[in-house]
Enquirer: 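Next up is a structure, given as structure tokens.
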Number of protein chains: 2
Amino acid sequence: MSEKLAPQADPSGTAPRRSDATRAAILDAARERFAAEGYERATIRAIARDAGIDPSMVMRYYGNKEGLFAAASEIDLRFDDLDGIRVGADRHAGAVLVSHFLDRWEQDEVLTALLRVGVTNEAAARRMQEIFKEQLGPLVAAVCPDPAEAPRRAALAASQILGMALARYVLRFPPAVEMSQREVIAWLAPTVQRYLTAPEA
Amino acid sequence: MSEKLAPQADPSGTAPRRSDATRAAILDAARERFAAEGYERATIRAIARDAGIDPSMVMRYYGNKEGLFAAASEIDLRFDDLDGIRVGADRHAGAVLVSHFLDRWEQDEVLTALLRVGVTNEAAARRMQEIFKEQLGPLVAAVCPDPAEAPRRAALAASQILGMALARYVLRFPPAVEMSQREVIAWLAPTVQRYLTAPEA
DNA sequence: ATCATAAGCCAACACGCGTTGGCCAACAAG
DNA sequence: CTTGTTGGCCAACGCGTGTTGGCTTATGAT
């Protein structure tokens with residue numbers, strides 16, 4: 001009676017459902033559409049068409065459009081891969097951070113989606129705040145001189161990183177698009193480095 | 001016969017119309033709505049309501065929604081006020097530029113509107129490219145060492161300035177909002193200065 | 001083999017949108 | 001005063017949207 005919804009023992013903790021493939025297809029399509037067109041123009045009908053199913057399935061699995069976006073925009077900035085910063089590479093924190101963000105941005109369209117949607121959608125903007133606060137914040141606090149300054153320094157670094165993402169991946173300013181990843185890092189790393197570690201004023 | 005549409009002599013070149021006040025009210029309301037909500041969520045009906053007239057008037061005067069946005073998002077970055085840069089204050093170009101942009105952004109909601117809309121709307125994104133290219137470009141070319149590098153350097157400066165505008169005026173990251181204008185200038189000026197004048201790599 | 005359940009589709013709803021054309025009143029020129 | 005022109009409103013159209021409920025089919029446990 002208690003395990004009615006779990007047809008078989010499940011080591012991972014979540015019961016696998018027969019519809020998991022469909023759910024994933026919906027999420028993939030949603031991420032792509034949200035990233036490419038923003039919240040309003042990414043219609044549930046179009047997402048369903050991309051996923052090869054009926055629009056009503058989207059509602060069944062994610063409740064409503066807001067719920068779909070919430071599910072599709074879950075993000076992990078993957079700073080765990082970066083524990084190198086703490087261990088003593090503080091002098092290269094800027095370069096490591098910029099490089100990491102560029103990688104993440106080019107691999108994961110969720111970041112573009114969140115940026116595109118966050119500009120118009122209050123909930124997405126708050127989500128973005130949380131992500132940067134909770135994931136970038138601690139990392140900055142560990143690197144910067146006075147932990148009390150961490151939020152401000154993180155915001156400054158975020159402003160440069162988001163600004164480049166905006167110019168390069170969203171607005172597609174030709175010069176920003178044409179720069180190689182290495183060039184972008186060479187230019188932005190000192191900026192971010194200074195925001196993180198330079199003494200105030 | 002030739003002057004049928006000009007009821008009286010007009011020194012300024014454009015005939016004043018009885019509807020000019022309404023046209024202006026529409027544009028004001030449009031700017032505010034586009035800046036606050038982006039393209040799709042700023043409805044013509046709401047704009048008309050704000051302006052105190054009927055939605056059909058908007059169509060009469062601006063053709064369609066696209067035309068309205070085009071008219072409402074005309075922008076002059078006002079770099080003319082800044083000829084100080086050329087005259088020899090090149091060492092402070094970064095500070096002057098950042099300060100000028102912050103002022104413009106806080107006075108003119110069109111900039112926020114263009115940023116919010118440009119993220120989702122192709123035409124607005126192109127418009128933004130043109131504005132930065134044609135208005136910021138020449139100014140950068142006059143300050144930077146090799147004019148051939150101007151576009152890239154302008155894009156870098158734009159990435160930082162737009163990034164801060166994004167964090168401060170659109171996404172409203174608390175630390176970015178709480179910083180005083182003076183603090184923002186103190187942090188960003190050296191960055192922009194370097195983007196404009198530092199030797200490459 | 002049975003049968004509850006899950007997966008899926010279809011058709012439709014109500015709503016808000018951009019947009020249109022016709023009608024009325026205020027104005028200005030003769 | 002008359003008459004053409006402009007400014008303005010009203011009512012409606014067609015459309016695409018998010019969303020709903022019911023129906024059919026496949027599935028897998030019993």
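Every chain is numbered from 1 and lettered A, B, ... according to where its sequence line falls, protein lines coming before strand lines.
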Enquirer: Measure CG/A:L68 against P/D:dT17 and give the value in whole Å, please.
Expert: 15 Å

Enquirer: Return the set of residues passing salt bridge (charged side-chain N to carboxylate O under 4.0 Å, His left out) with A:E106 (not counting sequence neighbours), or none when no residue passes.
Expert: A:R168

Enquirer: Tell me the interatomic distance from A:F69, atom CZ, to D:dG18, atom C1', rounded to whole angstroms.
Expert: 17 Å

Enquirer: Nearest whole angstrom, please: distance from the P of C:dC17 to the CD of B:E40.
Expert: 12 Å

Enquirer: Rounded to the nearest angstrom, tell me the gap between atom CG in B:D54 and atom C1' in C:dC24.
Expert: 13 Å

Enquirer: Round to the nearest Å and state the distance from B:D20 atom CG to D:dG7 atom P.
Expert: 9 Å

Enquirer: Round to a whole Å and report the spacing from CE of A:M57 to P of C:dC10.
Expert: 12 Å

Enquirer: Is the side chain of B:R31 donor-acceptor paired with the backbone N or O of B:A72 at a distance under 3.5 Å, no angle test?
Expert: yes

Enquirer: Among C:dG8, C:dT19, D:dG8, which nucleotide has an atom closest to any side-chain atom of B:N64?
Expert: C:dT19

Enquirer: Got a sec, which residues hit side-chain contact (heavy atoms from CB on, under 4.5 Å) with A:R18, two or more places apart in sequence or on another chain?
Expert: none

Enquirer: Could you please name the option among D:dT19, D:dG8, C:dG8 that lies closest to any side-chain atom of A:M59?
Expert: D:dT19

Enquirer: Tell me which residues in residues 43-50 of chain B lie within less than 4.0 Å of DNA chain C, going by non-hydrogen atoms.
Expert: B:T43, B:I44, B:R45

Enquirer: Taking only distance into account, with no hydrogens and no angle test, what donor-acceptor pairs under 3.5 Å do side-chain atoms of residues 143-151 of chain A form with protein atoms, sequence neighbours excluded?
Expert:
residue, atom, partner, partner atom, Å
A:D146, OD1, A:A148, N, 2.9
A:E149, OE1, A:R153, NE, 2.8
A:E149, OE1, A:R153, NH2, 2.8

Enquirer: Output side-chain donor-acceptor pairs under 3.5 Å for residues 131-141 of chain B, partner residues at least two apart or in another chain, one line each.
Expert:
residue, atom, partner, partner atom, Å
B:Q135, OE1, B:L77, N, 2.7
B:Q135, NE2, B:I75, O, 3.4

Enquirer: In whole angstroms, how far is the P atom of D:dT17 from the CZ atom of A:R41?
Expert: 11 Å

Enquirer: How would you list, by chain and number, every residue that makes a side-chain contact (heavy atoms from CB on, under 4.5 Å) with B:A71, sequence neighbours excluded?
Expert: B:L27, B:Y62

Enquirer: Taking all non-hydrogen atoms of both residues, which atom of B:V110 and which atom of B:S73 are closest, and how far apart?
Expert: CG1-CA, 3.7 Å

Enquirer: Residues two or more places apart in sequence or in another chain: which of them pass side-chain contact (heavy atoms from CB on, under 4.5 Å) with B:R45?
Expert: B:T43, B:P55

Enquirer: If you count every heavy atom of other residues, nucleotides or ligands that lies below 6.0 Å from B:E32 atom CD, does the total exceed 12?
Expert: no

Enquirer: Nearest-Å distance, CZ (B:R17) to P (C:dC27)?
Expert: 19 Å

Enquirer: Base, sugar-phosphate, or nothing for A:Y61, non-hydrogen atoms under 4.0 angstrom?
Expert: sugar-phosphate

Enquirer: Does A:S19 put a side-chain nitrogen or oxygen below 4.0 Å from OP1 or OP2 of C:dA6?
Expert: no

Enquirer: Apply salt bridge (charged side-chain N to carboxylate O under 4.0 Å, His left out) to A:D76 and list each qualifying residue two or more places apart in sequence or on a separate chain.
Expert: none

Enquirer: Any side chain to side chain donor-acceptor pair (under 3.5 Å) involving residues 113-124 of chain B? Give me the pairs, sequence neighbours left out, ordered by first then second residue.
Expert: none

Enquirer: Under 4.0 Å from any atom of DNA chain C, heavy atoms only: list the residues of residues 115-124 of chain A that qualify, in numerical order.
Expert: none

Enquirer: Taking N or O atoms only and anything under 3.5 Å, show me the protein contacts with nucleotides 22-26 of chain D, one pair per line.
Expert:
none

Enquirer: Side-chain polar contacts of residues 173-185 of chain B - donor-acceptor pairs under 3.5 angstrom, sequence neighbours left out - could you list them?
Expert:
residue, atom, partner, partner atom, Å
B:S180, OG, B:R182, N, 3.4
B:S180, OG, B:E183, N, 3.1
B:S180, OG, B:E183, OE1, 3.3
B:Q181, NE2, B:D103, OD1, 2.8
B:E183, OE1, B:S180, N, 2.8
B:E183, OE2, A:R152, NH1, 2.6

